[in-house]
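Reading through the structure tokens given below for one structure.
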Amino acid sequence: MSDRPDASEQAGTEGSDPAAPAHDEDRRPRVLRMPPPPPARPAPPRRNGTPGLPPAPYLATPPRDAAVAAHPHVDEHAVGPDGRPAGSAARRRPSPPTPPPPPPARREPPVAAAPRRAPRPAAPLPPLPPLRHRWVPAADETQVFPMPVLPPVPRSASDTDEDVEQREGSPGASGGILRAAGTMAVATLVSRITGLLRTMVLAAALGVGLVANAYVVVNTLPNIIYELLLGGVLTSVIVPLLVHAQERDRDGGVGYAQRLATVAMAGLTVMTVVAVLAAPLLTALYGLDEDPEQYRLANWLARMLLVEIVFYGFGAFAQAVLNSRGVFGPPAWAPVLNNVVVIATGLVFLAAAGPGSLEPETIAPGLVWLLGIGTVLGIAVQALVLVPSLRRVGVPLRPRWGLRDTGLREAGALGLWVIAYVAVSQIGVLVATRIANDAALAGGLGPAAFSYTSLLFQMPYGIIGVALLTALVPRMSRAASRSDVHGVVQDLSLGTRLSALGLLPVTAALTVLGPPLAVLVFGRGNTSVDEAQAIGAALAVGAFGLLPMAITLLQLRVFYAMKDARTPTLIQVGMVAVRVPLLLLVPAVVEPEHVVAGLMLATSITYVAGWVIGDLALRRRLGGLRTRETFGPVLRVALVALAAGLAGWLVRIVTSDLGGQSTAGSLLQVLVGTVVIGGVAVVGLVMARVPELREPLAAVRARLGRGRS
């Protein structure tokens with residue numbers, strides 16, 4: 001028996017409102033009429049160059065008190081046939097449209113209406129758990145993981161627009177955004193720190209040679225394949241459908257989630273088997289077939305690590321279900337468990353391998369099995385730890401087949417643009433990996449060193465930038481849903497200024513302290529001090545791209561807030577068109593030992609190009625972007641960061657003579673340099689009167705005043 005109410009129940013539920021005033025039409029004698037025709041099928045997407053958003057259920061109109069923000073293409077002031085706002089009945093399925101009464105062609109004696117049978121009330125929807133006010137990002141934005149399309153922004157059922165504005169601030173205001181970003185930065189810090197510790201342990205255990213290169217490249221393959229198959233589509237299409245099914249279905253969307261999970265996991269399982277069988281082709285595609293022993297080791301590891309695809313898919317789908325039902329804690333802590341398992345694996349590997357360099361032809365088989373099984377176990381724990389949480393929210397693991405009335409076909413157009421984004425972004429990753437592997441075979445650093453450098457490069461953005469964007473996007477999405485272009489531009493300007501305020505001083509620190517910082521982090525075990533210094537030099541060369549990367553990803557968020565997945569894909573095409581020639585130029589102009597630094601330089605230039613392309617696209621879409629108001633404070637912050645960097649450079653010259661290049665000397669340089677750069681930056685920003693510092697400084701003064709009193 002179907003779990004949806006039939007048409008008569010829907011009509012009776014929505015038409016019978018005892019509080020509704022009686023109209024003149026209700027006092028006239030009723031005439032028996034033919035039932036209304038079925039509603040017409042939704043029109044296909046537009047073909048005028050701008051992709052139309054898919055029709056219902058993805059475009060279902062949420063109520064004003066729903067847990068998701070209103071869709072930007074829906075008039076939130078529309079009035080339903082009962083005189084109330086159209087959104088007020090969105091928790092129930094809409095009844096067929098009532099045809100207008102026929103024109104009075106001639107008068108006939110009234111026909112007594114048949115006594116109407118009292119409609120049976122539909123079964124009430126199960127209560128939804130209270131939703132929190134933030135959406136936790138599902139994945140890091142790195143060179144492997146692309147920027148996903150944001151799902152609808154959760155909000156509490158009791159929230160009004162005034163409540164949201166009071167909590168988050170009006171468009172362009174920084175107070176609420178800074179408070180929310182600070183809270184989320186603390187929440188993500190544990191995951192970032194354990195991720196850094198995991199990389200430190202692996203660098204000490206594996207070094208930066210051929211074994212480490214094979215492991216690092218092979219360990220990215222499950223991520224890439226998962227993103228191509230499901231990752232981007234999950235957040236752009238599946239999550240909105242889950243939220244809508246939760247609002248629409250009488251079982252709270254449980255059966256719908258189980259059907260989608262069954263089909264998704266079955267498809268991922270099949271593709272995992274295919275990927276394992278095609279492991280030699282995949283490793284050869286990324287340039288691991290030039291050394292026979294490394295190729296053998298890479299294929300061995302790939303056949304184990306590609307199993308992670310299934311666990312990546314299950315974990316991401318479980319997180320989507322939990323987030324759509326207001327549960328954010330377990331998905332946020334699950335990656336920490338993965339890091340802990342891999343850290344333990346690396347420590348056991350380091351103890352078992354003993355001193356000495358690792359080579360593909362001499363590594364013990366037991367160490368290979370330990371490395372592969374431990375890595376897969378970490379991803380499996382990250383996924384399976386969410387199973388109890390699924391049961392607690394009422395979505396048990398139960399296979400259920402069927403894709404009828406899922407809306408996937410209608411919503412697929414948006415997902416195709418996301419898949420195209422992922423595919424295009426992987427072109428640059430593929431070219432960079434092959435060039436780095438060729439440099440490693442020629443005696444330089446390779447993919448492992450490039451991966452370690454990228455980790456240090458992206459960590460400040462992962463703590464500061466992601467927190468700012470995650471706090472800013474809900475307000476920006478609501479401005480886009482109101483067609484408030486001025487509000488979107490204000491928040492874009494605010495995000496740019498806050499990103500500069502948080503990241504430009506960090507850029508100065510990384511540029512000056514890159515080599516000693518890398519020695520402090522990676523200079524132990526099978527990674528020598530000289531190799532760690534080379535990693536730090538590459539970090540210093542590419543550090544200027546930190547702010548352009550943050551601004552580019554912020555610009556993509558603006559388009560996604562406007563439900564535009566096409567323009568970010570085209571921006572990515574432009575960035576890859578800039579990046580690939582620069583990457584190919586690197587080995588032609590530098591020696592193999594400097595290739596990783598050249599790759600970082602090319603990557604940062606690519607982010608600058610993405611900033612420019614995104615700015616042009618936004619100006620065409622939104623008009624003026626308040627350039628003077630935005631870049632005036634950014635220029636002041638840049639000058640302060642430059643002065644802080646010069647002061648730190650002078651201090652580093654002195655401390656390097658005192659402590660040398662050892663680990664202790666590097667620690668001295670990092671500590672003293674950080675204090676000097678941070679102190680000069682704080683004093684300079686206060687003297688420059690950067691607007692975004694006024695409210696935090698006022699809060700500090702108020703607390704100091706209360707403490708004295």
Side-chain angles (χ1 to χ4, degrees), residues 51 139-150 220 223-224 227-228 231-232 235-236 286 416-436 447 450-451 453-454 457-458 460-462 465-466 469 492 495-496 499-500 503 507 538 541-562 564-587 595-622 625:
D140 300 338
E141 287 88 4
T142 66
Q143 294 176 346
V144 174
F145 297 110
M147 171 65 68
V149 181
L150 285 181
T220 62
N223 300 316
I224 295 171
E227 290 291 334
L228 285 171
T235 49
S236 64
Y286 282 82
L416 290 178
W417 282 111
V418 180
I419 294 175
Y421 183 103
V422 179
V424 171
S425 66
Q426 292 310 310
I427 296 175
V429 176
L430 174 63
V431 174
T433 303
R434 292 186 65 93
I435 292 174
F450 184 48
S451 175
T453 308
S454 299
F457 172 77
Q458 293 165 356
Y461 172 77
V466 170
L469 289 185
L492 173 63
T496 303
S499 298
L503 296 178
T507 299
V541 168
F544 72 92
L546 187 58
L547 179 62
M549 178 183 70
I551 301 302
T552 301
L553 297 178
L554 172 63
Q555 292 170 339
L556 297 183
R557 295 269 184 168
V558 174
F559 287 107
Y560 289 135
M562 296 185 292
D564 180 3
R566 175 176 174 266
T567 303
T569 304
L570 299 180
I571 293 175
Q572 184 64 229
V573 171
M575 293 175 63
V576 171
V578 172
R579 186 184 187 192
V580 170
L582 291 176
L583 293 176
L584 295 175
L585 190 62
V586 168
V595 163
V596 171
L599 296 179
M600 289 298 299
L601 177 65
T603 301
S604 293
I605 294 175
T606 302
Y607 285 126
V608 175
W611 186 355
V612 174
I613 297 172
D615 186 81
L616 295 175
L618 284 171
R619 290 181 185 276
R620 183 177 179 182
R621 181 73 173 268
L622 300 177
L625 296 182

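In this chain, residues are counted from 1 in sequence order. Source: prediction; values computed, not measured.
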* Asked: Do Thr567 and Asp564 meet the criterion of a side-chain donor-acceptor pair at a distance under 3.5 Å?
  -> yes

* To do: Answer yes or no: is there a side-chain heavy-atom contact under 4.5 Å between Tyr607 and Ile551?
  => no

* Under the criterion side-chain contact (heavy atoms from CB on, under 4.5 Å), which of Thr433, Val595, Val431 is the partner of Leu583? -> Val431

* Can you see which heavy atom on Val596 is nearest to which on Ala538, and at what distance? => CG1-CB, 3.9 Å

* Can Phe559 and Arg621 be said to form a side-chain contact (heavy atoms from CB on, under 4.5 Å), step by step? -> CA-CA 9 Å; Phe559 287 107; Arg621 181 73 173 268; 4.1 Å; yes

* Considering only heavy atoms from C-beta outward, does the side chain of Tyr461 approach that of Leu547 to under 4.5 Å? -> no

* Asked: How about Tyr421 and Leu556: do any of their side-chain heavy atoms sit closer than 4.5 Å?
  -> yes

* To do: Spell out, as yes or no, whether a donor-acceptor pair under 3.5 Å connects the side chain of Ser499 to the backbone of Ala550.
  => no

* Does the side chain of Gln555 come within less than 4.5 Å of Pro568's, by heavy atoms? -> no

* **Those residues that, when tested against Thr606, pass side-chain hydrogen bond (donor to acceptor under 3.5 Å, both in side chains) (two or more places apart)** => none

* Does Ser451 reach the main-chain N or O of Pro447 with its side chain, forming a donor-acceptor pair under 3.5 Å? -> no

* Structure fact -> When Met549, Arg579, Met575 are each screened for side-chain contact (heavy atoms from CB on, under 4.5 Å) with Thr603, the one that passes is Arg579

* To do: Give a yes or no answer on whether the side chain of Ser425 reaches the backbone of Val422 with a donor-acceptor pair at less than 3.5 Å.
  => yes

* To do: Kindly state each residue pair satisfying salt bridge (charged side-chain N to carboxylate O under 4.0 Å, His left out) with at least one member in residues 606-619, sequence neighbours excluded.
  => Asp615-Arg619

